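Numbers restart at 1 for each chain; the letters A, B, ... are given by sequence-line order, proteins then strands. In this text, all values refer to a predicted model and were calculated from it rather than measured experimentally.
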There are 2 protein chains.
Amino acid sequence: MNNTPEFQEGLSIAAVERDTGLLKDTLRVWERRYGFPQPLRDANGERLYPPAQIARLRQIKRLMDQGMRPGKIFAADEATLAAWLGKDAPSTEPPPHCRSMIDLLQQQRSEALRQSLQQNLLKLGLQRFVTEIVVPLNIEVGLAWLRGDITVGEEHLYSELLQNMLRNAVHALRNPAGRPRILLTTLPDELHSLGLLMAEAMLVPEGAVCTSLGTQTPLGDIASTAMSGEFDIVALSFSANYPARQAWNNLAELRRQLPAHITLWAGGRHLCERAPALDGLHYLKEIADAVSALESWRTQHQTDQSS
Amino acid sequence: MNNTPEFQEGLSIAAVERDTGLLKDTLRVWERRYGFPQPLRDANGERLYPPAQIARLRQIKRLMDQGMRPGKIFAADEATLAAWLGKDAPSTEPPPHCRSMIDLLQQQRSEALRQSLQQNLLKLGLQRFVTEIVVPLNIEVGLAWLRGDITVGEEHLYSELLQNMLRNAVHALRNPAGRPRILLTTLPDELHSLGLLMAEAMLVPEGAVCTSLGTQTPLGDIASTAMSGEFDIVALSFSANYPARQAWNNLAELRRQLPAHITLWAGGRHLCERAPALDGLHYLKEIADAVSALESWRTQHQTDQSS
DNA sequence: GTCAACGTTTTGTCCAGGACAAAATGAACA
DNA sequence: TGTTCATTTTGTCCTGGACAAAACGTTGAC
């Protein structure tokens with residue numbers, strides 16, 4: 001009945017469910033079948049998960065979202081697991097700007113961080129700001145959070161700051177009568193809203209008209225809004241912790257519900273490998289691909305461009 | 001394993017949990033103890049909740065969030081229950097602007113809606129726009145959603161539109177070196193972000209410096225951010241479906257963690273009745289109270305005003 | 001070599017019914 | 001009127017079993 005039983009020993013099963021996104025039932029059945037996690041018990045006989053096990057659970061969740069199955073993960077030894085985790089991370093060195101900005105974030109010097117970002121935005125322009133600053137910074141912040149180097153509060157601070165900057169920049173460039181008309185949103189269970197704003201920031205300078213529905217729009221509502229709003233493109237954003245399989249299923253279903261003349265975009269690096277191909281469905285591996293996808297849409301719809 | 005088992009007969013227990021916010025365990029134990037809800041069973045023996053029962057569960061949840069206990073609710077007959085529900089709703093007539101704006105929303109004419117809102121914003125100024133337009137409109141949209149008159153997609157559209165407008169307006173008035181410094185956020189399990197923006201829109205024109213952490217910040221992070229960021233006030237926003245008791249507990253805990261010189265504000269109409277009084281904790285019944293609370297803070301801290 | 005069909009294994013979610021501590025209530029008393 | 005204590009209410013956790021959907025691996029056909 002208490003909902004903040006966060007003693008130093010560890011977290012309750014409910015807290016772990018909130019933290020990792022793994023259902024209580026799943027946590028219990030893993031313990032039974034694979035012997036992990038193996039939480040302590042409090043005086044009352046209830047599970048108490050030590051921070052170390054929670055950290056590992058987060059890693060496991062991450063691997064599973066990439067399509068890996070628990071059987072393999074639990075069978076693997078320490079080294080293999082670390083290898084899998086490192087496989088997609090070290091592709092890029094942590095850029096120089098990032099380090100100093102993350103320092104500012106950790107010191108909670110939000111005003112200084114804002115100025116640093118603003119300076120970069122003005123220097124580089126919106127699109128390069130997104131690809132060269134925001135994207136690597138997002139990755140670093142995500143890694144730092146995974147390591148426990150920054151708190152949830154600091155991550156919120158970062159997210160709000162960036163959201164304000166991007167919204168303002170996009171708003172200034174808004175042009176209500178252009179083409180194509182793009183509807184942006186995420187599926188249910190996907191809370192990450194920054195991806196949407198970043199996409200908007202890439203597309204609006206190209207003259208596209210973007211309307212965002214924010215996060216977690218039910219499938220049926222996406223389809224009906226796209227049709228009644230006379231949109232040309234529906235763009236969905238997926239963060240790295242959205243289960244790939246679930247994404248493909250939902251995309252197929254949405255593709256079925258949409259008329260053929262509306263194109264569907266799915267943004268998310270981890271969706272692209274072994275993704276089922278569908279007519280009128282394009283996967284965007286990186287945020288920059290949004291621009292090239294827009295260009296290719298325009299060449300395919302040259303007749304309508306005038307309006 | 002399928003996550004959209006939404007057949008016409010009814011919803012699975014997992015879907016009901018998502019929809020109502022009542023835990024699976026709670027739903028099952030209510031069925032055992034009180035005989036309600038009494039879901040159908042599918043071919044597999046699993047619970048299947050008909051829409052009517054889900055609607056009633058929503059009502060029950062609403063009453064419980066106001067502090068009522070299940071024993072009373074389940075004992076009450078149809079009429080008494082309806083009386084309890086109607087008690088707080090009809091206080092205000094639906095204002096004239098609202099009707100036409102909701103029409104625009106239902107027709108998905110987002111650009112027209114934006115212009116209408118923008119016009120009112122410029123005519124009334126930010127603060128009056130919030131109190132006279134946004135507040136009643138929010139209520140109407142909420143009621144329309146409860147009645148099923150507007151879809152989730154339309155509600156998202158509305159929320160995004162307003163968010164953009166308010167963020168831009170607030171951004172334009174920003175003054176990084178003022179007093180007091182106010183930290184805005186919501187507790188975990190509270191997703192409603194519009195309340196925060198509305199508060200910001202009321203406070204920033206008065207010269208306060210607002211920093212928002214967005215929604216769902218853990219208690220400990222609120223306290224540590226407030227202290228390291230040298231804030232004077234922590235302001236929390238609660239929507240009508242946040243359990244009052246849980247709010248009071250968390251507020252007491254947070255008050256304990258914060259040093260005495262940081263004031264704590266809690267916004268939310270339903271929190272004010274029978275609320276436990278605490279030193280340095282102020283309840284704001286309406287959004288407009290933020291301004292008067294700010295004034296009273298200033299009179300109490302006249303010495304510091306200069307910086 | 002690619003693809004389809006099919007049996008096997010894995011895996012997440014649900015179920016029943018018991019238990020218990022925290023919260024809320026009401027009674028007794030100062 | 002307010003405080004203390006016993007009683008009831010209520011949400012959450014527990015164990016261990018069950019099963020369908022999904023994923024996998026094999027086989028065979030082209």
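The listed nucleotides are D/dT9, C/dT10, C/dG12; the one nearest the side chain of B/Arg69 is D/dT9.
Nucleotide D/dT9 holds its P atom 14 Å from the CZ atom of B/Phe74, rounded to whole Å. Note: CG (A/Leu27) to C1' (C/dG12) measures 12 Å, nearest angstrom. Across the protein-nucleic acid pair, B/Leu57 atom CG and D/dG11 atom C1' stand 16 Å apart, rounded to whole Å. When rounded to the nearest whole Å, the span between CD of B/Gln246 and C1' of D/dG11 equals 12 Å. Distance B/Asn249 CG to C/dA23 C1': 9 Å, rounded to the nearest Å. Rounded to whole Å, the distance from CG on B/Leu11 to C1' on C/dT13 is 16 Å. Rounded to whole Å, atom C1' of D/dC24 lies 15 Å from atom CE of A/Met68. For A/Lys72 and C/dT11, the NZ to C1' distance is 15 Å, given to the nearest whole Å.
When atom types are taken as modelled, the side chain of B/Asn250 and the backbone of B/Ala247 share no donor-acceptor pair closer than 3.5 angstrom. Looking only at distances, no side-chain donor or acceptor of B/Arg47 sits under 3.5 Å from a matching main-chain atom of B/Ser12.
Proximity of A/Thr26 to the phosphate of C/dT11: no side-chain N or O atom is located under 4.0 Å from OP1 or OP2. A close approach under 4.0 Å does not occur between any side-chain nitrogen or oxygen of A/Trp30 and OP1 or OP2 of C/dT11. In terms of phosphate contacts, B/Tyr34 brings a side-chain nitrogen or oxygen within less than 4.0 Å of OP1 or OP2 of D/dT10.
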Indicate every side-chain donor-acceptor pair of residues 67-77 of chain A with a distance under 3.5 Å to a residue at least two apart or in another chain.
from, atom 1, to, atom 2, distance (Å)
A/Asp77, OD1, A/Ala79, N, 3.3
A/Asp77, OD1, A/Thr80, N, 3.0
A/Asp77, OD1, A/Thr80, OG1, 2.2

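Among residues two or more places apart in sequence or in another chain, the side chain to side chain contact (heavy atoms under 4.5 Å, CB included) test is passed with A/Thr263 by A/Ile233, A/Trp265, A/His282, A/Trp297.
One side chain, A/Glu190 or A/Ser239, offers a donor N or O that lies under 3.5 Å from an acceptor on the other.
Considering only heavy atoms from C-beta on, A/His192 stays 4.5 Å or farther from A/Phe238 through its side chain. Side chains of A/Leu27 and A/Ile13 form a contact here, defined as non-hydrogen atoms less than 4.5 Å apart.
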Using atom names, set out every protein N or O paired with an N or O of nucleotides 14-20 of chain C below 3.5 Å, distance rounded to 0.1 Å.
from, atom 1, to, atom 2, distance (Å)
C/dC15, OP1, B/Arg47, N, 2.6
C/dC15, OP1, B/Arg47, NH1, 3.1
C/dC15, OP2, B/Arg28, NH1, 2.7
C/dC15, OP2, B/Arg47, NH1, 3.1
C/dC15, O5', B/Arg47, NH1, 3.0
C/dA16, OP1, B/Arg41, NH2, 3.3
C/dA16, OP2, B/Arg47, NH1, 3.1
C/dA16, OP2, B/Arg47, NH2, 2.6
C/dG17, N7, B/Arg32, NH2, 2.9
C/dG18, N7, B/Arg32, NH1, 3.2

